[in-house]
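Computed over heavy atoms, backbone and side chain alike; hydrogens, waters and symmetry mates excluded. Note that the structure is predicted; figures quoted are calculated from it, not measured. Numbers restart at 1 for each chain; the letters A, B, ... are given by sequence-line order, proteins then strands.
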Amino acid sequence: MELNDLQAQRAAKLERLRAAGLDPFPTRSTRTHTIATVLTDFDTLAVAPTTLTIAGRVIGARRIMGKIAFAHVEDGTGTLQLWISRADVGDEWFARFRDDLDTFDIVQATGTLRRTKAGEASLFVSSLSVLAKAVNPPPEKWAGLTDVEERHRQRYLDLIVNAEVRTVFQARATAISAMRRVLDSHGFLEVETPVLQPIYGGAAARPFLTYHNTLGQQLYLRIATELYLKRLIVGGFPGVYEISKNFRNEGVDRSHNPEFTMMECYQAYGDYTTMMRLVEELLRAMCVAVTGTTTATYQGQTLDFGVAWPRLPMRAAIAAQTGLDIGTLSTLEALHAALTANALKVERKPTWGKQVDELFSTYVQPTLVQPTFILDYPVELSPLAKRKPDDPAFTERFEAFAVGMELGNAFTELNDPFDQEQRFLAQGRDFAAGDAEAHQMDVDYLNALMYGLPPTGGLGMGIDRIMMVLTDRPNIREVILFPHMRQREDKP
RNA sequence: GGGCCGGUAGCUCAGUGGUAGAGCACCUGACUUUUAAUCAGAGGGUCGCGGGUUCGAUCCCCGCCCGGCUCACCA
């Protein structure tokens, strides 16, 4: 390791501890109390007075005077001030605290509890020890660590110094627990399906490729769990869900990370309206778990998850924003002509379905601030969704939107193996025509459908994006502990 | 991929075609109730990387790397 000056100073202190017969990295701590319990029971413990031992990281500046010193220690449950008197700990340890210990070292302190004259709850230390010497120095104590790249590359440091970052990930865990509770309460079984897949499917996306050496087999990292989960509904489970990482080999921006967390669930004998009620219940529970109420504030806008979401057919939504009725403009030529006639600034797409989607993304999606369901997507865009009985050009599919961002996608699942085969074949033609995200043919999945998939409702929800909304973080990297960063060689 | 902005001490940031700056941190010394402690003093740099122009480049030019915002892409 090459050490800079500050690291070398700390390494030298570490060696001085060793020379004094002290282990700078002892095997274990002998603490008796967490700081949270000390603070909760402070008055009782202080009156006794009980001798107790706490442990944690020295944070903030140490304030060291000739015969007395103050420092704050943080152990993940709370922060406690140490009051260190030369008279109490002895000349040797007082000097050692001053000369050989540093901010960020992890220490253990034994003593009794009292309040200082200023009223701050403190441990009046009788003895100290080192649990782990920190070789790296802390960032600047007032401005802290603000460089976004460094915060994400060194998330461990970000978590130490930026307290609100920890709360975001605590909120994430709390929200996912709430999600599991809702799903479990509805009888969904949590399952695990393959990450390494010989055929990828369940979404329109480009995959990551990998290779199994012994089998000599090319494999893909999953882009969705959908097709495996529906095989399990064929197998007879009444409902299944999986919360899993998906991998999509696509662009990276503030709402896309190459690996992201998705919850997918499937309910036998349900349909997409069942899934709408489930989305409402899930978001309400997750919102309450995070904010304590059924509302969340995102970038100054209050979102209400306590009410039923508006259900807006895509056709009507597009008509409202553009004046065009895609129900009557049913060919690509007619649609393109109408775009031109109405001077709508939309990129031209090669198929009717993609053009509709582009129109929607440009004119409708940004307007969907409050939680909203958009219903009934063109069949071309939805190769796994069942057609509407009264309008076979559209499917029983919805996407859940909030703050202009797609949070979820659901449909009444296509269970006709012959229709599914035709959809796969159409996707194959799209792929051959240059659509790198078109769905692959999956013969085994067709075989499963040929045993009979009951009418089923299915749902996928992007956990990361939900957490962006609930924690008011406009960048997905702020809700992913270790977001993908380009490799860098000059620094760790 | 395009546009705009950025990369200077451990961190947060100034700055200039002529020996590289501040605050905090760190180091030395003083100090027995601090709360961004205070006071005095000292040290610390591949100015992202490579090339070019120049007597001289951290600064100007070109290329590249990394990042931020944004547009495009990602149903």
Side-chain angles (χ1 to χ4, degrees), chain A residues 3-10 12-13 60-72 79 81-88 94 98-99 102-104 114-120 122 124 134-154 157 161 203-206 223 248-258 260 314 347 349 351 353-362 364-365 374 377-385 395 397 399 401 405-406 409 411 427 430 435-439 460 474-477 485-491:
Chain A
L3 302 181
N4 64 38
D5 289 351
L6 295 181
Q7 292 169 324
Q9 273 175 10
R10 285 165 170 254
K13 294 177 177 187
R62 296 171 303 146
R63 289 175 293 281
I64 303 172
M65 285 153 278
K67 294 176 183 172
I68 191 172
F70 298 88
H72 283 90
T79 303
Q81 176 167 269
L82 302 183
W83 188 95
I84 301 167
S85 157
R86 193 164 82 179
D88 292 343
F94 191 81
R98 183 187 60 212
D99 298 335
D102 289 294
T103 299
F104 269 20
R114 265 153 60 194
R115 288 187 191 277
T116 60
K117 240 178 218 171
E120 180 164 348
S122 305
F124 282 63
V135 178
N136 279 332
E140 203 268 342
K141 74 176 178 184
W142 197 238
L145 182 72
T146 59
D147 184 286
V148 173
E149 178 178 0
E150 291 307 324
R151 285 186 44 238
H152 293 147
R153 287 189 191 274
Q154 299 189 62
L157 179 57
V161 299
R206 279 178 286 170
I223 60 171
R248 297 186 183 176
N249 207 338
E250 292 165 349
V252 179
D253 64 26
R254 71 177 189 282
S255 62
H256 294 81
N257 195 61
F260 63 101
M314 179 182 252
E347 193 180 330
K349 293 292 179 178
T351 68
K354 286 192 179 301
Q355 191 64 65
V356 168
D357 189 58
E358 181 67 17
L359 196 57
F360 174 80
S361 299
T362 305
V364 181
Q365 187 170 335
I374 296 293
Y377 283 61
V379 67
E380 289 88 339
L381 294 175
S382 314
L384 300 165
T395 57
R397 173 184 178 189
E399 290 190 320
F401 290 91
M405 197 160 58
E406 179 200 336
N409 180 24
F411 24 92
Q427 289 286 309
D430 288 351
D435 181 356
E437 285 135 20
H439 211 286
N475 195 310
I476 199 168
R477 282 184 300 245
M485 304 291 281
R486 203 182 294 265
Q487 191 167 3
R488 195 169 64 173
E489 287 173 9
D490 57 317
K491 285 186 176 181

Within the structure shown, what part of the strands sits under 4.0 Å from A/N249 by heavy-atom distance: base, sugar-phosphate, or nothing?
nothing

Please measure how far the P atom in B/G29 lies from the corresponding atom in B/G21, and state the result in whole Å.
28 Å

Taking the same atom, C1', in B/C65 and in B/C27, what whole-Å distance lies between them?
35 Å

Name all residues meeting the side chain to side chain donor-acceptor pair (under 3.5 Å) criterion together with A/R248; count only those two or more places apart in sequence or in a different chain, and write none if there are none.
none

Under 3.5 Å, which N/O atoms of the protein pair with N/O atoms of nucleotides 38-47 of chain B?
| from | atom 1 | to | atom 2 | distance (Å) |
| --- | --- | --- | --- | --- |
| B/G44 | O2' | A/D5 | OD2 | 3.1 |

In chain order, what residues pass the salt bridge (Lys or Arg N to Asp or Glu O under 4.0 Å) check against A/E399, with sequence neighbours excluded?
A/R397

Taken in chain and number order and not counting sequence neighbours, the residues that satisfy side chain to side chain donor-acceptor pair (under 3.5 Å) with A/R151 are A/D158, A/E478

Roughly how many Å is it from CE in A/M65 to P in B/U35, rounded to a whole number?
8 Å

Pairs satisfying side chain to side chain donor-acceptor pair (under 3.5 Å), at least one member in residues 136-149 of chain A, at least two apart:
A/Q7-A/N136, A/E149-A/R153, A/E149-A/R488

The ring pair (Phe, Tyr, Trp, His ring centres under 6.0 Å) partners of A/F401 (sequence neighbours excluded) come to A/F360

Please write out the pairs of protein N or O atoms and N or O atoms of nucleotides 65-67 of chain B separated by less than 3.5 Å, giving the distance to one decimal.
| from | atom 1 | to | atom 2 | distance (Å) |
| --- | --- | --- | --- | --- |
| B/C66 | O3' | A/R153 | NH2 | 3.3 |
| B/C66 | O2' | A/E149 | OE1 | 3.4 |
| B/C66 | O2' | A/E149 | OE2 | 2.7 |
| B/G67 | OP1 | A/R486 | N | 3.0 |
| B/G67 | OP2 | A/R486 | NE | 2.8 |
| B/G67 | O4' | A/E149 | OE1 | 3.0 |

Side chain to side chain donor-acceptor pair (under 3.5 Å) involving A/E437 - partner list, sequence neighbours excluded:
none

What would the secondary structure line of RNA chain B be in dot-bracket form, counting Watson-Crick and G-U wobble pairs under 3.5 Å, with [ ] for pairs that cross earlier ones and | for pairs with another strand?
(((((((..((((....[..))))..((((.......))))......(((((..]....))))))))))))....

Nearest to the side chain of A/R63, heavy atoms from C-beta on, is which of B/A72, B/U34, B/U32?
B/U34

Those residues at least two apart in sequence (or on a different chain) that pass salt bridge (Lys or Arg N to Asp or Glu O under 4.0 Å) with A/D99 are none

Just jot down the side chain to side chain donor-acceptor pair (under 3.5 Å) partners of A/D430, sequence neighbours excluded, or say none.
none

Can you list the residues that meet the ring pair (Phe, Tyr, Trp, His ring centres under 6.0 Å) rule with A/F260, with sequence neighbours excluded?
none

